[in-house]
Structures are given as C-alpha cells and as structure tokens.
There are 2 protein chains.
Amino acid sequence: MSVIQGARERARTEVTAAIKQEARNQLAAEGAARLSLRAVARELGMVSSALYRYFPSRDELFTALIIDAYDAIGAAAEEALAATAGEPPADRWTAVCRAARDWAIAHPHEYGLVYGSPVPGYSAPQDTVVPASRVGLALVAVVRDAQRDGLLGPPQGRPLAEPVRTDAAHLASELAPDLPIPTIAALVAAWAQVFGIVSFEVFGQFNGVVEARGPFFDQAAGALGAQVGLPTPAETPAPER
Amino acid sequence: MSVIQGARERARTEVTAAIKQEARNQLAAEGAARLSLRAVARELGMVSSALYRYFPSRDELFTALIIDAYDAIGAAAEEALAATAGEPPADRWTAVCRAARDWAIAHPHEYGLVYGSPVPGYSAPQDTVVPASRVGLALVAVVRDAQRDGLLGPPQGRPLAEPVRTDAAHLASELAPDLPIPTIAALVAAWAQVFGIVSFEVFGQFNGVVEARGPFFDQAAGALGAQVGLPTPAETPAPER
DNA sequence: CAAGAAAGAGAGCACTGCTCTTGCTTTCGC
DNA sequence: GCGAAAGCAAGAGCAGTGCTCTCTTTCTTG
C-alpha cells in the first residue's frame, strides 16, 4: 500500500469515501430499506450509472457499509480496552461493553445493518469476518489480561456439556490457549448476550419496559462479567473507589 | 366477532389470509427486502391494485406479518409453558427458551422481521406491543409458578442501582406484584439475553464460532435461569408437600 | 328489485437497480 | 512525445416496483 498515489487513484478513493458517507447519511435518515443508489448519486451531483464504477451493485455498497460499521464499533470497543489498561477487569469489561453499546445508540441504522437481520440476499462474505470479531476479541482481551494478572476466577454455571466443551476447546486453541475451556464458553455466551441487550435497546424492544437504559445496561454487563469469572469490584484485591 | 358471516366477509378473511400466506412464502424464499406486492398478487392470480383492498400499503402488510410472527413465537413459548406444568422450574425455563429458539430457527425471516432491525420507516405501532410481550410473559410465568411453589431463590448479581430498581418496581406492580424487585430486573435482562443468543444464531454470527448450537443454547439458557433465581436441578429440593 | 357498497381490472405515474453505448480524460508502453 | 489502452462520466433505456385513479362487475341490503 503506497501512501503516495496517482491523481486518478486518489480521486477514486475520495469519491468512494464520499459515496459511502452519503449512503450513511441516507441510512441514518431513511433506513436501510429506503437507501437508494440513485438518490446517493443525485446528492453527489453525478448520474446513477457513474456510481457503478465504484460499487458493482447495491449489495456491494451495503457490504462496504457493513464492513465499515463492524470496524467502527470494533474500534470503539478497542479504544475502551486500551483506555482502561490497568484498571480492575470488571470495570474494563463494563467499559468495553458500554463503548459498543454507546456506538450502537449513536448509529442505530448502521448497527442494524450488522447486528439486525441480514439485508442483502445472503451476503456477509468472508471480508466481514475479521472486522466482525473485533468487539468479541476486545472482550477476550479483557479476560486474558485478568488471567495474566491472576485476577480471573472460575466462570459461573454448571459443567459444560460435551459438544459445548468441544467447540470451546476448538476456539480456545485458536484465540486464547491460556484461558480455561469453561471460561471460553462463558465468554461466547456473554458476548451474544451483551448484544442481545444492545439490540433490544436499539430496536425498541425496551420501549415501555426499561426506561433507565444506561444504568440497566451497566448492571447487566457487570453481571455478565461476573458470570465469565471477573471478580466484582468488592472482591477485587486492588483498592479503588 | 360473530362466528357466522356473509359470503363476502368470509371471502375477505380468506383472501386476506391467502395474501399473508403467500407473503410469508416469499419472505422465506427471498427475504423481507425482496418481498414484492406485485409478485404476491401475481402468484395469487390477481392484479396488484386489487391487493390494496386488503392492505392499504406494503408497510401495513409488513405490520400484519409482524403481528402474526409475534403471535406465532409467543404461542410456541406458551405451549412449552403449558406442556411443562409441574416440572422443575429450571427445566420449564429452558423449555420455554428452547421453544422460542426453535421457532426462530424454523422461521428465520419472520424472526428477522420482529427481532431484527425494524424494516418499515418506523412502524411497530401499538398493535404489536401485546403480541410482542408473549414470550416475555411466558418466562415471567415460569418464575411466578416457581415462586408460588416455594422454589424461587434470590437472583444472582449485585444489588440494584437505584434507577434500575425504580424501573423494575414499576414493572413488578404491573405484571408480577408477587415477585421480588431484583428478580424482575434479572428477568428482564435474561429475556433480552436469550434473544441475543437466538439472534446471533439465526443471523449467522455464530458461523465458525459455535457449531453445537442446540447444546450451547441449552447451556446458556440454563445459566440464565439460574441467574434469575431458579434452582438448578441438582439443588431442587424434592417436591415437598 | 333497485340502490348502494365492495371488489377486481387496467392504465398510468414516479421511482428503483442495472445495462449498454457514446464520448472524453488520464495513464502507460514504446 | 505519442498513440493505444484503460478509466471515467453521461445519457438512454429496460424491467420491475409501490401506489393511485378510473371503470366495470359482483354481491348485499333496504
């Protein structure tokens, strides 16, 4: 990837970015279903057919937006991870969860693009799997750091059923050989559960049910951290608060 | 609602049902985004404008499908609730969760309609709130029955933050005055978390991560039940009396 | 039985995603 | 430096969409 590039190539990346940005605007304003290539082109002062030089189809544009959204929410989580280095693991866990949730609240339609029902025919190609895992990996990092510092307890819950253990062992060997298998299983469950709460909040399922959504989320995220084995602040040997 | 009705009215309900059924077929085949009123009409041998006698707009058709989907998944949950009456609460909890999850796996696009990103502009009108709550109420019923039978323990987790307690108290007075406030809060969280796992499974987030999805789900659902305060089978006291 | 309501048919509008052809501009091999 | 090749934008056009309007047919009801 050369930093310097010809005028043509530079223009291309700029136009590509402009298209995506305008698409994001329309996404936020109208929702994914009403996002129109022609409207994007119109807003950019170009003709609709010209847009196909940059994205071969509407679904490809969506895919690009999906990857960007995964990267954005993943970056938010990683930022919280880095910003809390050295703090008690339970606090870090909550901070990472909270960062993902705050991003989702701020970008509901983009969030829906990635964690809602898959919109295009059935895309989600291979390009999305790495960005899609960033939030999960940030959560893993919190737990690994806790383990490294001797602050990780056993996860709550009953002993693992055999097939679950097999899956978790497979995962462990791939991304965290230093963590106990039951911890990995609990981590995956907690990962999905965090997004369950975020999705309910973003998609309106909590309307009329939960009003204090921030505190509710923090409470639930904290409980999930405890479930994974992170010591609650009270039992953390470190000072603080 | 009169049971007997004129031929015209009967035809109307039949055509309405046929339209929804064909729409569901297309939904399953092509996804919500590609569902076309004209294609539905074509398949039914009618002209597209005639369809507007039954649904004033595409979004209204969607709303009808959404309500039906909420009712279907709610009915599945309630059926599991009734079928397990008398069994240990933890088993009932898992059964209800599992029923909702199995329905979702069997009807992924309909599930996406209700628990994915809201598709139409921003509908989800008042008509949907009662059907939408059926699964949640089935979970509440499991816990209430456990409480009635003296089988409900305290929920796991830290003491409730004040705003969370306020919300939970409000909810309790509405739908389960006999349950402790912390239990209600844990219940709401567990409710959202169950759907987090279901959504991840249905929407493909577990691809390449979790393979044994049934056992994984049962394990996670069981853990959530324990979190709410349902005794795990081991600690269930023999049916007293 | 006749007046009224309800239902279907068809044409048409504005819009969509996408393709193809036509010119123009930038890049690159010689 | 120049001609060929590639990249780019524009315009017309196609098939399809949601939705409206008008007109005709069918059923319900006083």
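Order of the sequence lines sets the chain letters (A, B, ...), proteins ahead of strands, with each chain counted from 1.
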**OP:** Tell me, please, which residues at least two apart from Gln205(A) pass side-chain hydrogen bond (donor to acceptor under 3.5 Å, both in side chains).
**Re:** Tyr70(B)

Original post:
side-chain hydrogen bond (donor to acceptor under 3.5 Å, both in side chains) with Glu78(B): which residues, sequence neighbours excluded?
Top reply: Arg134(B)

How many Å lie between [atom1] on [X] and [atom2] on [N], as a whole number?
X: Arg38(B); N: dG12(C); atom1: CZ; atom2: P; value: 13 Å
X: Phe62(A); N: dC18(C); atom1: CZ; atom2: C1'; value: 15 Å
X: Leu35(A); N: dC15(C); atom1: CG; atom2: C1'; value: 15 Å
X: Leu44(B); N: dA9(C); atom1: CG; atom2: C1'; value: 16 Å
X: Arg58(A); N: dT19(C); atom1: CZ; atom2: C1'; value: 18 Å
X: Leu37(B); N: dT16(C); atom1: CG; atom2: P; value: 17 Å

**OP:** For the pair Gln219(A) (side chain) and Ala161(B) (backbone), establish whether a donor and an acceptor sit closer than 3.5 Å, ignoring hydrogens and angles.
**Re:**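 Yes, Gln219(A) side chain to Ala161(B) backbone: donor-acceptor pair under 3.5 Å.
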
Original post:
Is there a donor-acceptor pair closer than 3.5 Å between any side-chain N or O of Arg92(A) and the backbone N or O of Thr84(A)?
Top reply: yes

Do you know which two heavy atoms are closest between [X] and [Y], and how far apart they sit?
X: Ala99(B); Y: Ala80(B); value: CB-CB, 3.7 Å
X: Cys97(B); Y: Leu139(B); value: SG-CD2, 3.9 Å
X: Ser173(A); Y: Pro177(A); value: O-CG, 4.2 Å

Original post:
Is the shortest heavy-atom distance from the side chain of Val188(B) to the side chain of Phe216(A) under 4.5 Å?
Top reply: yes

**OP:** Report the relative orientation of the aromatic rings in Phe206(A) and Trp191(B); use parallel for angles under 30°, tilted for 30 to 60°, perpendicular for over 60°.
**Re:**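 Because their plane-to-plane angle lies in the 30° to 60° range, the rings of Phe206(A) and Trp191(B) count as tilted.
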
Subject >> Residue that, paired with Leu65(B), satisfies side chain to side chain contact (heavy atoms under 4.5 Å, CB included) out of Glu60(B), Lys20(B), Glu110(B) >> reply: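 Exactly one pass, corresponding to Lys20(B).
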
**OP:** Going by the side chain to side chain contact (heavy atoms under 4.5 Å, CB included) test, name the single residue among Asp167(B), Leu175(B), Leu171(B) that passes it with Val209(A).
**Re:** Leu171(B)

Original post:
Which residues within residues 48-55 of chain B lie with some heavy atom under 4.0 Å of an atom in DNA chain D?
Top reply: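 DNA chain D contact set from residues 48-55 of chain B: Ser48(B), Ser49(B), Tyr52(B).
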
Subject >> Positions of residues 20-27 of chain B (non-hydrogen atom under 4.0 Å from DNA chain D), listed by number >> reply: none

For nucleotides 23-25 of chain C, give me every protein contact, N/O to N/O, under 3.5 Å, one pair per line with atom names.
none

Original post:
Yes or no on side-chain hydrogen bond (donor to acceptor under 3.5 Å, both in side chains) for Tyr111(B) and Ser199(B), after CA distance, side-chain angles and deciding distance?
Top reply: CA-CA 8 Å; Tyr111(B) 178 83; Ser199(B) 291; 2.8 Å; yes

Subject >> Residue Glu22(A) excluded, over 12 heavy atoms near CD under 6.0 Å >> reply: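 Yes.
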
Original post:
Between Arg12(B) and dA6(C), does any side-chain N or O lie under 4.0 Å from OP1 or OP2?
Top reply: no

**OP:** Heavy atoms of chain B, cut-off under 4.0 Å: which first and last nucleotide of DNA chain D, 5' to 3', fall inside that, if you could look?
**Re:** dT17(D) to dT28(D)

